[in-house]
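Structure first, commentary second.
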Amino acid sequence: MNSNFDSSKIIKRRSFLAIIIAFLFFLIISARLFFLQIIRGDTYKKKSKENRISTKITPPSRGDIFDTNGLLVAGTISNYSFVVYKFLNKNYDFEIKQFNKIITPVNYELFKDKLSKSNPYKPFFLLKNISWDSIVGFEKNKFQFSSIKILETKKRYYPHKNFSQIIGYMSESQTSLKAFPKGAFHIEEFYNNTLKGFPGKTFNEVNAYGKIVRQISLEPSIKGSDLHLTINSKLQNFCQNIIPVNKKGSVVVLNSQDGSILALNSNPTFNSQDFENRDSEKISSFLNDENKPLFNRAFSGFYPPGSVFKPLPALLGLEKGLINETTEFFCKGHSSIGSRNYYCWKKGGHGKVNLKKGIKESCDVYFYELAKLINIDDLSSLATEMGFNQKYSIGLSNAKSGLVPNKKWKRKTYGESWFPGETLITCIGQGANQVSPLQLATYYSSIINGGLFPKPRILKNQSVEFLGRKINEKFHKILLNALNSVVNEVGGTANKLFRDNPNYIKIAGKTGTSQVISIKESDREDDLYKEKQKEQLEKFKDHSVFVGYGPVDNPKYIASVIIENGGSGSSLAAPLAHEILNFAEKNNV
Amino acid sequence: MFKNFQSILQLNWFYFLLIIIIFWIGEINLFSAASGSLEPWAKNQLIRFLVFIPLFFLILMLKSRIIFNLCEIFLILIVIGLLLTLFFGYTGMGARRWLRLGFINLQISEFAKIFLVLYLAKYFHNLDFKGHLQVSRSIIPLIITFIIFILVAIQPDLGTALILLILGCLMIFFIGIRLIYPILIFFIMIAISPFLWTFLKPYQQSRVKTFLNPDLDPLGSGYHIIQSKIAIGSGGTRGNGFLGGSQSSLDFIPEKETDFVFSIFAEQFGFIGSIILISIFTLLIIIPIIKSINIQNTFVKLAILGLSIKLLIEVVINISMTLGILPVVGVALPFMSYGGSSLLSNMIICALIMNLMSVEKKFKYFR
């Protein structure tokens with residue numbers, strides 16, 4: 001007990017010392033406050049009125065954004081406004097009435113209340129976006145208005161509407177006086193720190209009323225860094241215009257050699273400039289439009305891919321040794337598990353089908369039979385290696401990873417185990433599959449490049465990174481050969497492209513039809529069914545999908561096209577993709 | 001793991017009220033620093049406070065013994081955090097001070113203050129010695145203090161590093177080293193200070209010079225001090241009234257939302273307001289120390305003392321700097337300066353103090 005008596009007494013003494021020192025410090029501070037505020041208070045009050053140097057923050061210019069050829073797609077322009085500083089003249093009331101008479105009419109009664117309550121030291125906007133004429137008129141009569149000033153503000157300028165889905169917009173207009181208006185969507189948001197720059201400071205000498213007498217010194221603001229996109233504006237515009245106006249859909253054009261995104265379109269779209277202009281009518285029409293024009297379908301739209309998915313289970317079959325190039329399955333129009341039938345889109349069946357024919361004619365039964373041998377978890381992990389299940393963080397908002405399902409997902413989401421029939425549906429690209437047009441493009445990039453493919457990017461100066469893993473050269477050739485036959489051999493689902501435009505760029509690719517509702521399997525891609533569909537509601541029509549690449553001998557461009565409710569892949573998406581790839585090659589984008 | 005409901009009710013809720021009052025004065029002040037606008041500071045700071053409040057209550061509810069048990073682990077985490085900051089830290093204004101954790105940037109050195117104090121308190125608690133502390137037994141605490149000092153000093157953040165060093169030394173002082181040693185060190189410091197001067201960076205030298213004579217450079221580093229003094233002085237006895245400060249509205253005061261919040265306050269609320277604010281701060285610091293005097297548990301005594309002294313040091317340095325009594329060093333005013341790390345660390349400190357104040361007085365050890 002008393003062994004610690006001494007030391008606890010010492011702590012006690014020193015605690016008291018701490019209290020005394022704390023009081024002492026506060027006494028010193030209070031004394032200093034007394035000196036500054038009471039003894040010298042009047043002096044400082046006078047000094048504060050004479051205070052001659054005020055610092056003003058000058059907002060920096062935001063960095064510009066250019067397309068791949070150096071064309072400006074987002075910049076900054078100056079804007080001029082008439083503002084009132086109430087503290088500069090108590091008779092601001094009179095001056096505004098005078099201003100109304102001589103310079104430009106303003107409806108003073110409307111904002112009289114608001115103005116009287118506003119902060120006298122902050123500018124109050126009388127008129128925004130004023131014309132040169134009124135500036136000249138004002139300058140001539142400047143001496144009459146001591147409280148009214150012209151204020152320069154910056155405004156973001158978006159000359160190309162078709163870039164809106166990529167560049168996004170700002171959370172508030174740059175016309176507000178904040179040093180750093182923030183980007184709120186897509187590139188403007190994601191690269192806000194790069195674009196925003198550093199503010200400068202102006203030291204002004206001011207008189208007793210806060211009026212600036214002269215500028216003493218200036219730390220200039222530093223403009224934000226520019227961004228150079230990989231998007232080619234010519235191609236971007238071409239793709240936007242090729243999507244039928246009244247259809248929802250998207251296009252992605254990817255350079256398979258370096259991963260640069262050459263075009264990324266979504267229809268319907270919006271105009272970034274309307275957000276910068278704070279055009280509330282248009283903004284609310286965008287927000288309330290049920291076709292969701294703010295939604296970038298190419299990047300954030302997720303669909304079942306349909307038959308364009310088929311090379312993936314084929315590759316898995318080859319890699320696992322479940323099939324080889326010559327393995328044949330017999331298609332009699334359907335395949336079955338237990339009592340349930342799974343139909344091929346061709347009612348009569350394809351007869352004997354090998355891998356190449358399976359892809360070329362898009363035979364579903366071939367893939368049903370293959371699916372019976374496949375473990376869904378293997379399929380899902382191969383899909384990840386080939387570009388699916390990945391959230392591409394390229395600088396756009398609403399990045400999602402999509403889904404090629406596996407057993408774990410099923411258990412987690414539905415609390416149920418996986419049914420063999422679901423593997424069948426998954427292998428033809430339907431069911432729970434959810435992939436974006438951008439992911440489809442990277443998937444084909446993986447096929448073309450033999451497994452290792454460049455990560456998609458939208459900034460020019462980003463270094464090229466590779467994803468995926470190398471696939472066996474033999475299997476690689478088999479897949480390319482099959483995809484080639486889809487377009488360039490008689491009987492291929494997209495052979496019509498070659499026949500219609502033989503002098504266009506030579507491409508390869510795969511058609512797909514993404515089901516919106518579960519219709520009977522036998523009805524898919526059936527010509528008779530197309531007739532029936534016309535009578536059906538537009539929104540139940542299938543999505544038309546095509547992913548193609550060219551030139552076929554040395555692939556460079558990949559186009560991934562999805563037209564919602566566009567019918568079968570061969571009828572709409574495929575010819576559009578052909579046009580796009582042809583345009584890209586002919587213009588050497 | 002948690003206190004029972006009865007002992008939670010018996011916590012010192014008056015102390016909690018003081019925190020709320022100071023924070024609320026800070027909110028009003030940030031609102032006026034933005035010329036009567038919730039943006040950009042007041043709203044953000046309030047959101048942070050609300051986000052941190054659950055952590056505050058979690059600490060309150062912990063059994064004090066749990067805090068005692070976790071001291072070493074947290075100190076190790078802090079050292080790791082400081083190392084990570086050096087290698088992967090987020091660079092701002094020429095120093096690597098912030099560590100990006102998910103969506104927030106944390107200034108780990110702020111939290112080093114807390115856990116250095118707690119660790120040293122536990123170390124001395126476990127020594128369990130008689131009489132004065134022998135010098136040999138202060139070697140390990142000194143080494144640990146010094147390691148943390150160096151890790152923060154090379155960021156570089158000399159202001160925070162010095163506070164850490166002072167806190168470490170004060171802990172050794174409070175546990176009862178003979179008075180002769182601090183006095184000796186004091187004189188040695190004075191003797192070698194001319195040599196230390198050459199170690200300071202040019203901007204640090206200029207801060208000390210302009211502190212001694214602000215008129216040397218009225219547009220440069222002396223600008224802060226002159227403008228702050230004018231703003232405070234012009235407040236007079238009663239102040240210019242809420243939102244009535246012309247100096248802050250006209251942007252004469254730089255960094256008015258962080259280091260110079262007190263100037264904004266004193267300009268608006270004058271001598272009377274300032275004295276009231278200082279009195280509240282005094283209560284916040286002194287109440288726990290008085291309570292701790294009769295507690296037998298050495299860890300609790302030292303922890304309360306050290307943490308309260310941390311608050312004292314920051315309040316005194318920050319206000320003295322705005323009054324021109326000390327040179328300008330970047331030290332935040334607790335609960336009033338805008339900034340997440342400082343708010344979070346001070347909320348943790350006050351939660352710890354409130355928790356430890358409730359320990360039963362008569363027991364020397366945790367049961």
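The sequence lines fix the lettering, A, B, ..., with proteins before strands; numbering per chain opens at 1.
Heavy-atom pairs under 4.5 Å with chain A peak, among B:Gly176, B:Ser37, B:Ser308, at B:Gly176. Chain A forms the most heavy-atom pairs under 4.5 Å with one residue out of B:Thr237, B:Ile275, B:Thr282, B:Val315, and that residue is B:Thr282. Note on B:Ser279, B:Gly235, B:Ser274, B:Ser320: by heavy-atom pairs under 4.5 Å with chain A, the leading option is B:Ser274. Comparing A:Leu36, A:Thr43, A:Asp42 by heavy-atom pairs within less than 4.5 Å of chain B, the highest count is held by A:Leu36. Each of B:Ile289, B:Ile286, B:Leu133, B:Ile309 has some count of heavy-atom pairs under 4.5 Å with chain A, and the biggest count is that of B:Ile286.
Rounding to the nearest 0.5 Å gives a distance of 12.0 Å between CG of A:Leu195 and OG of A:Ser61. Here CD1 of B:Ile226 is found 7.5 Å from NZ of A:Lys47. Values are rounded to the nearest 0.5 Å. Atom-to-atom distance recorded for B:Ile232:CD1 and B:Thr322:OG1 is 4.0 Å, nearest 0.5 angstrom. To the nearest 0.5 Å, the span separating CD1 on B:Ile278 from CD1 on B:Ile319 amounts to 4.5 Å.
Residue contact with chain A, scored on non-hydrogen atoms closer than 4.5 Å, involves the backbone and the side chain of B:Leu179 alike. Contact annotation for B:Leu323: both backbone and side-chain heavy atoms come within less than 4.5 Å of a heavy atom of chain A. Heavy atoms of B:Thr298 lying under 4.5 Å from chain A belong exclusively to its side chain. Interface residue B:Ile175: backbone and side-chain heavy atoms are both found under 4.5 Å from chain A. Proximity to chain A involves both the backbone and the side chain of B:Ile293, based on heavy atoms less than 4.5 angstrom apart. Neither the backbone nor the side chain of A:Ile39 comes within less than 4.5 Å of any heavy atom of chain B.
For the pair A:Arg156 and A:Tyr169, the cation-pi criterion (under 6.0 Å, within 45° of the ring axis) is not fulfilled.
Inspection of the A:Ser147 and A:Lys86 side chains reveals no N or O donor paired with an N or O acceptor under 3.5 Å.
Partners of B:Pro141 according to the side chain to side chain contact (heavy atoms under 4.5 Å, CB included) rule, which considers only residues two or more places apart in sequence or in another chain, are B:Leu120, B:Tyr123, B:Phe124, B:Ile172. For A:Asp93, the side chain to side chain contact (heavy atoms under 4.5 Å, CB included) partners two or more places apart in sequence, or in a different chain, are A:Lys97, A:Tyr108, A:Lys112.
Every pair passing ring-ring contact (aromatic ring centres under 6.0 Å, His included) that includes a residue from residues 25-45 of chain A is listed here, sequence neighbours excluded: A:Phe34-B:Phe271.
Panel note: side chain A:Asn79, backbone A:Thr153; no donor-acceptor pair is recorded below 3.5 Å. In this structure a side-chain-to-backbone donor-acceptor pair under 3.5 Å is present from A:Asn192 to A:Gly183.
Contact residues of residues 300-307 of chain B toward chain A are B:Lys301, B:Leu305 (heavy-atom distance under 4.5 Å).
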